[in-house]
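The structure appears below as structure tokens.
Sequence positions, counted from 1, serve as the residue numbers for this chain.
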Amino acid sequence: MALPDFRLFYKKLKKEELVDALDFVVTRSHYLMAFWVGALLRKHPDAKELLKDIMRERGRKMAEQLMAEVEPSIALKRDAITWWECYKRFIDPYVKSRIMGLKLLKLTPTMCRFRFTHCAFIKGWAYATITPEDMCEILKETERGLAEGINPDLELAEFHPGLARYEPYCQLTITLSKSK
């Protein structure tokens, strides 16, 4: 039995309907991932560090791809601005589909500070019986790995998982330390 051609279906949808469809698919896939992570951590609590390592490595690999997509003059600097330009390319689909809200607070060559103002995944993670803080702790390693992949002197200096605690925002700060 042949699968239906979903391209025809999507071509008929209006922009708002496409955004809603993307939101549905992405959030449900994250709920499933959270369910699996929760089940794994209940059975093997020590697996959290392994999952964090996997996400960190994922971020490092993404750095190579994303660096090729930013303007060469920005990519060559390998500073906090470079990190932000790369990160925007990674997070943009989530922002455009209203899954996540993002607010840049400070951007200099040595610091990038921003907030997530909303995250559609939080409630689903709780339904999946994993604490949102645990999921945030694991997933933030992607940002850390992206920083390390761009420049070993870039580091995730601050991570506040406020949304996971039902506070108004999460805040992350990436800094460029002086050469070691």
Side-chain angles (χ1 to χ4, degrees), residues 6-7 9-10 13-38 51-71 74-75 80-107 111-128 130-150 154 156-174:
F6 286 104
R7 289 175 294 184
F9 171 73
Y10 288 116
L13 294 177
K14 295 177 183 136
K15 181 180 177 182
E16 191 69 26
E17 293 169 325
L18 281 169
V19 168
D20 290 342
L22 177 64
D23 175 54
F24 179 82
V25 170
V26 171
T27 55
R28 294 330 177 266
S29 67
H30 267 264
Y31 296 167
L32 183 58
M33 178 184 68
F35 178 78
W36 288 337
V37 169
L51 292 172
K52 288 167 64 174
D53 290 344
I54 290 168
M55 296 310 290
R56 193 174 193 170
E57 186 58 30
R58 177 180 177 243
R60 286 187 195 117
K61 288 179 180 176
M62 283 177 16
E64 297 169 22
Q65 175 188 345
L66 294 169
M67 288 285 284
E69 295 177 15
V70 299
E71 184 181 316
I74 293 172
I81 294 172
T82 306
W83 184 91
W84 176 249
E85 291 299 320
C86 289
Y87 191 68
K88 282 192 322 188
R89 281 162 178 74
F90 166 67
I91 202 76
D92 195 50
Y94 296 99
V95 173
K96 283 185 176 172
S97 64
R98 299 182 320 258
I99 293 169
M100 304 189 93
L102 202 59
K103 180 179 181 183
L104 181 63
L105 301 175
K106 183 174 183 178
L107 183 61
M111 179 192 288
C112 175
R113 176 173 287 140
F114 67 98
R115 290 179 175 168
F116 290 109
T117 55
H118 73 271
C119 176
F121 302 132
I122 299 291
K123 188 184 288 184
W125 293 341
Y127 290 144
I130 184 167
T131 65
E133 282 188 71
D134 282 341
M135 282 302 291
C136 289
E137 183 182 342
I138 292 166
L139 294 176
K140 79 163 176 358
E141 292 302 314
T142 304
E143 284 85 354
R144 184 186 311 277
L146 180 60
E148 292 170 354
I150 292 170
L154 279 173
L156 178 61
E158 173 197 23
F159 172 67
H160 174 72
L163 291 172
R165 299 173 184 156
Y166 303 100
E167 296 171 4
Y169 59 84
C170 291
Q171 185 163 297
L172 281 87
T173 303
I174 300 293

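Ion pairing between a basic and an acidic side chain is recognised when a charged N comes within 4.0 Å of a carboxylate O; Glu57 and Arg60 show such pairing. Using a 4.0 Å cut-off between a side-chain N of Lys or Arg and a carboxylate O of Asp or Glu, Lys88 and Asp92 do not qualify as a salt bridge. The pair Glu148-Arg144 does not count as a salt bridge, with every side-chain nitrogen at least 4.0 angstrom from each carboxylate oxygen.
Nearest heavy-atom pair across Leu154 and Ala147 is CB-O, 3.6 Å. Closest non-hydrogen pair, His118 versus Ile99, comes out as CD2-O, 3.8 Å. In plain terms, the two heavy atoms of Leu139 and Met55 that are nearest each other are CD2-CE, 3.6 Å. Closest approach of Val70 to Ala75, counting heavy atoms only: CG2-CB, 3.5 Å. Nearest heavy atoms, Leu163 versus Phe116: CD1-O, 3.5 Å.
Note that CD of Gln171 is 5.5 Å distant from OH of Tyr169, once rounded to the nearest 0.5 Å. Once rounded to the nearest 0.5 Å, the distance linking CE of Met111 with CH2 of Trp84 reads 14.0 Å. Going from atom OG1 of Thr82 over to atom CD1 of Ile150 covers 6.5 Å, rounded to the nearest 0.5 Å. Considering CG of Leu146 and CE of Met67, their distance stands at 9.5 Å, rounded to 0.5 Å. In this structure, Met62 CE and Tyr87 OH are separated by 8.0 Å, a value rounded to the nearest 0.5 Å.
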* Please step through side-chain contact (heavy atoms from CB on, under 4.5 Å) for the pair Cys170 and Arg115, ending with a clear verdict. => CA-CA 5 Å; Cys170 291; Arg115 290 179 175 168; over 6 Å; no
* When you look at Leu156 and Lys140, which way does the side-chain contact (heavy atoms from CB on, under 4.5 Å) test go after all the steps? -> CA-CA 9 Å; Leu156 178 61; Lys140 79 163 176 358; 3.8 Å; yes
* To do: List the steps and the verdict of side-chain contact (heavy atoms from CB on, under 4.5 Å) for Glu158 and Arg113.
  => CA-CA 9 Å; Glu158 173 197 23; Arg113 176 173 287 140; 3.4 Å; yes
* To do: Apply side-chain contact (heavy atoms from CB on, under 4.5 Å) to the pair Lys106 and Thr173, showing each step before the final yes or no.
  => CA-CA 9 Å; Lys106 183 174 183 178; Thr173 303; over 6 Å; no
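The closest side-chain heavy-atom distance from Trp125 to Cys136 is below 4.5 Å. Between Tyr166 and Ile122 the shortest side-chain heavy-atom distance falls below 4.5 Å. Counting heavy atoms from C-beta on, the side chains of Ile81 and Cys112 never come closer than 4.5 Å. A 4.5 Å side-chain heavy-atom check between Pro161 and Glu137 finds every atom pair outside the cut-off. Under the 4.5 Å side-chain criterion, counting only non-hydrogen atoms from C-beta, Thr142 is not in contact with Arg56. Here the side chains of Leu102 and Thr117 are not in contact, with every heavy-atom distance at 4.5 Å or above. No side-chain heavy atom of Phe121 sits less than 4.5 Å from a side-chain heavy atom of Met135. His160 is listed as a side-chain neighbour of Arg165, based on a closest heavy-atom distance under 4.5 Å.
The aromatic ring centres of Trp83 and Phe114 sit less than 6.0 Å apart.
For CZ of Phe35, the number of neighbouring non-hydrogen atoms (other residues, nucleotides, ligands) closer than 6.0 Å is 12 at most.
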